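What follows is one structure encoded as structure tokens, with my remarks underneath.
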Number of protein chains: 2
Amino acid sequence: MRRITLDDVANLAGVSPITVSRVLRKPDAVSPGLRLRVDAAVKELGYVPNIAASRLASSRTHAIGVIVPTLYNVIFAEYLFALHEVLVAAGFQVIVVNSRYSEIEEENAIKALLGQRVEAIIIAGTHHTPLSRQLLAQARLPVVETFELSPNPIDLNIGMSQEHAGQTATQHLIERGFRRIAFLTGNLDHRAQSRFDGYRLAMREAGLPNLEIIAERPRHSSVALGSDLFTMTHERGDVPEAIFCTDDNLALGAMQECRKRGIRVPDDISIIGFHDLEFAACAAPSLSSIATRRFETGKLAAERVLAALNSSVVSRAEQIDLAFALIPRESTAV
Amino acid sequence: MRRITLDDVANLAGVSPITVSRVLRKPDAVSPGLRLRVDAAVKELGYVPNIAASRLASSRTHAIGVIVPTLYNVIFAEYLFALHEVLVAAGFQVIVVNSRYSEIEEENAIKALLGQRVEAIIIAGTHHTPLSRQLLAQARLPVVETFELSPNPIDLNIGMSQEHAGQTATQHLIERGFRRIAFLTGNLDHRAQSRFDGYRLAMREAGLPNLEIIAERPRHSSVALGSDLFTMTHERGDVPEAIFCTDDNLALGAMQECRKRGIRVPDDISIIGFHDLEFAACAAPSLSSIATRRFETGKLAAERVLAALNSSVVSRAEQIDLAFALIPRESTAV
DNA sequence: TTGAAAGCGCTAACAT
DNA sequence: ATGTTAGCGCTTTCAA
């Protein structure tokens, strides 16, 4: 059973194939009479255009590639939501690939997206393999790196200083008078590493020793992991006065574990998270955090890509720093 | 600047285009000498094959369409993770589209996927517009509907009885001796509606009156929403003895709000959630829930799709019921 | 093992 | 406003 093609529709409607093509893409350029006949034929035959053929013929794909490390973390869901909202409305397809925090998988994703001839690539993170950088730079398409600030952006870079944010969270705890302040994370991907750098910087400046609570094998941030890591620390008899968690989920898990063990937050221990996820404000006690701008990042990235695609002016490396914000709440109140 | 094509590579390597194509797709069919020359030329030119052309010429896309209602809920992230794991390993591209819980957007997604000539469609849910059903049925490709059981599956259906699960959760509360049992949800998409049906069935059988806590405008399940809805109820002075929440996030939000208000769980109120998300076991108190099998659903759907694509036997409507399980924990302990 | 010819299904460019 | 012609960049089929 052959698939229905444009020609079949044209034959049935008694017009030329290009007229059918026009009815589908720019109906206003066709007289109402023909348009109706074509529409009827399309419907009768259940015709669905072959996008691969269209892309090949027009050499436009109307597709934009997006690479994220994972879908488990809601921050990427929010970011993707914003990207979709802008790009789909503008008639683009968004092709999402996840790299599972691996630079090799990211490189493969880039190759796959370039093979699909996406018109732009939006990629979370600024650390790539040399070949990835080379492919992106040579591809002559808009590239946006997001979430972090890069020392040498490939093209456009929209992010925030993860290190400065980590430093800010740590200083918040230091200012509250704590000395035994721990840094807690499930993995050390580049963003977590930068927050860690910020933590160490703040601790060094204050003349305080580092305290690290890091999962033995990399695990994604979750409430359960926060609970596990805190338990581990507690059972070592090594509970600090304050903890900076790289993610609100970890912080929530740690708080729950405190509660089970009769350790009061913030009376006995202070906890600050990261990202200011939706639940931070309504947690009991409410959770101090660093608010980050996932939605704005996605929206801005998408808008800049559209602008670049419409302008044909070759863009140069540019950087946009989306500020973060410290949100002090009960979990670190003195 | 023209893009590099197969012909460019062929010219540089001094072979015919088809030989280059073979080196890329089935290297074993080409003599080592030529293969090396071609590989060198590919590398030198930075050649990336045009997938649209390949798809058009071969009439195979190696693409599989997946439709989910949202990426905000982690259950879909888990499901997608499993789908990816199986399908990508088998050499397929997974194209994810989200329908934002709208049947019209789902219909558009189906059209878009068919236009891309995906080789199979895996779709969360069993409620579709008549046109969607027609398109899927006529498309002569494997279709898998997931998460729910359908009275009339289009093709393969892998899911669970949401209604029975809702009934089970409710009966658990009834058995514990509660009479004022509320059903709490942020929206009534089809799955939530089915759980609601199960709740009402159980309540009717026990001769108890319904108590509904439903957001005024549809909102996605979140901790913050659970907190809001509980607050609303509490401020109406209308707090029940037990609550069945359609999602663990809602349940966690409700529990946190209880805590803030000095209402003890489970002493003053019992709460059960749904999905048994990762945090349920480590919440304080630990959260009773209904465990659902998102990962298995995705894995099985993907495996069945691969089998169908390899067998060429036309599959008939078939249904697989993945059981759920009641997980009683502290939040409903008596 | 390698290549030549033909065509996948559509659209750009150029008529009329 | 509509049609004709000529590809887009690959792969299939068939031949050598």
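Just so it is clear, the model here is predicted, and its values are computed rather than measured. Computed from heavy atoms alone, side chains included, the values below leave out hydrogens, waters and symmetry copies. Order of the sequence lines fixes the chain letters, A, B, ..., with proteins taken first and strands second; residue numbering starts at 1 for each chain.
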Does the ring centre of B:Tyr72 sit less than 6.0 Å away from the ring centre of A:Phe81?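 Distance test on ring centres: under 6.0 Å, yes.
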
Is the B:Phe147-B:Phe76 ring centre distance short of 6.0 angstrom?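 Yes: the rings meet the under 6.0 Å criterion.
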
Here DNA chain D, pairs taken as Watson-Crick or G-U under 3.5 Å and shown with ( ), [ ] when crossing and | when to another strand, reads ||||||||||||||||

Kindly say whether [Y] contributes a backbone atom to a donor-acceptor pair with the side chain of [X] at under 3.5 angstrom?
| X | Y | answer |
| --- | --- | --- |
| A:Asn187 | A:Pro218 | no |
| B:Asn157 | B:Pro153 | no |
| B:Arg117 | B:Leu114 | yes |
| A:Arg100 | A:Glu105 | no |

Nucleotides bounding contact with chain A, strand DNA chain D, heavy-atom threshold 4.0 Å: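 Reading along DNA chain D, I get D:dA1 to D:dG9.
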
Check each residue of residues 15-26 of chain A for a non-hydrogen atom within less than 4.0 Å of any atom in DNA chain C, then write out the ones that pass by number, or none.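 Nucleic-acid contacts, sorted: A:Ile18, A:Ser21, A:Arg22, A:Arg25.
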
Strictly by modelled atom types, are [X] and [Y] linked by a side-chain donor-acceptor pair under 3.5 Å?
| X | Y | result |
| --- | --- | --- |
| B:Ser21 | B:Arg25 | yes |
| A:Thr5 | A:Arg3 | no |
| B:Ser16 | B:Thr19 | yes |

Enumerate the residues from residues 45-63 of chain A whose closest heavy atom to DNA chain D is under 4.0 Å, giving them by residue number; use none for an empty result.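 Residues of residues 45-63 of chain A under 4.0 Å from DNA chain D: A:Leu56, A:Ala57.
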
Give the C-alpha distance, both sets of side-chain angles, the deciding distance and a yes or no for side chain to side chain donor-acceptor pair (under 3.5 Å) between A:Thr146 and A:Tyr79. CA-CA 10 Å; A:Thr146 56; A:Tyr79 166 74; 2.8 Å; yes

If you assign each of A:Asp7 and B:Pro32 to its closest nucleotide in DNA chain C, which residue comes earlier from the 5' end?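 Here B:Pro32 is the residue nearer the 5' end.
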
So, B:Lys299 and B:Glu85, do they make that salt bridge, N to O below 4.0 Å?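 Not counted as a salt bridge, because no side-chain N and carboxylate O are separated by less than 4.0 Å.
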
Considering only heavy atoms of chain B and a distance under 4.0 Å, specify the first and last nucleotide of DNA chain C in 5' to 3' order that meet this criterion.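 The footprint of chain B covers C:dT1 to C:dG9.
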
So which pairs with a foot in residues 46-66 of chain A pass side chain to side chain donor-acceptor pair (under 3.5 Å), sequence neighbours left out?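 Matches after skipping sequence neighbours: A:Arg55-A:Gln93, A:Arg60-A:Glu119.
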
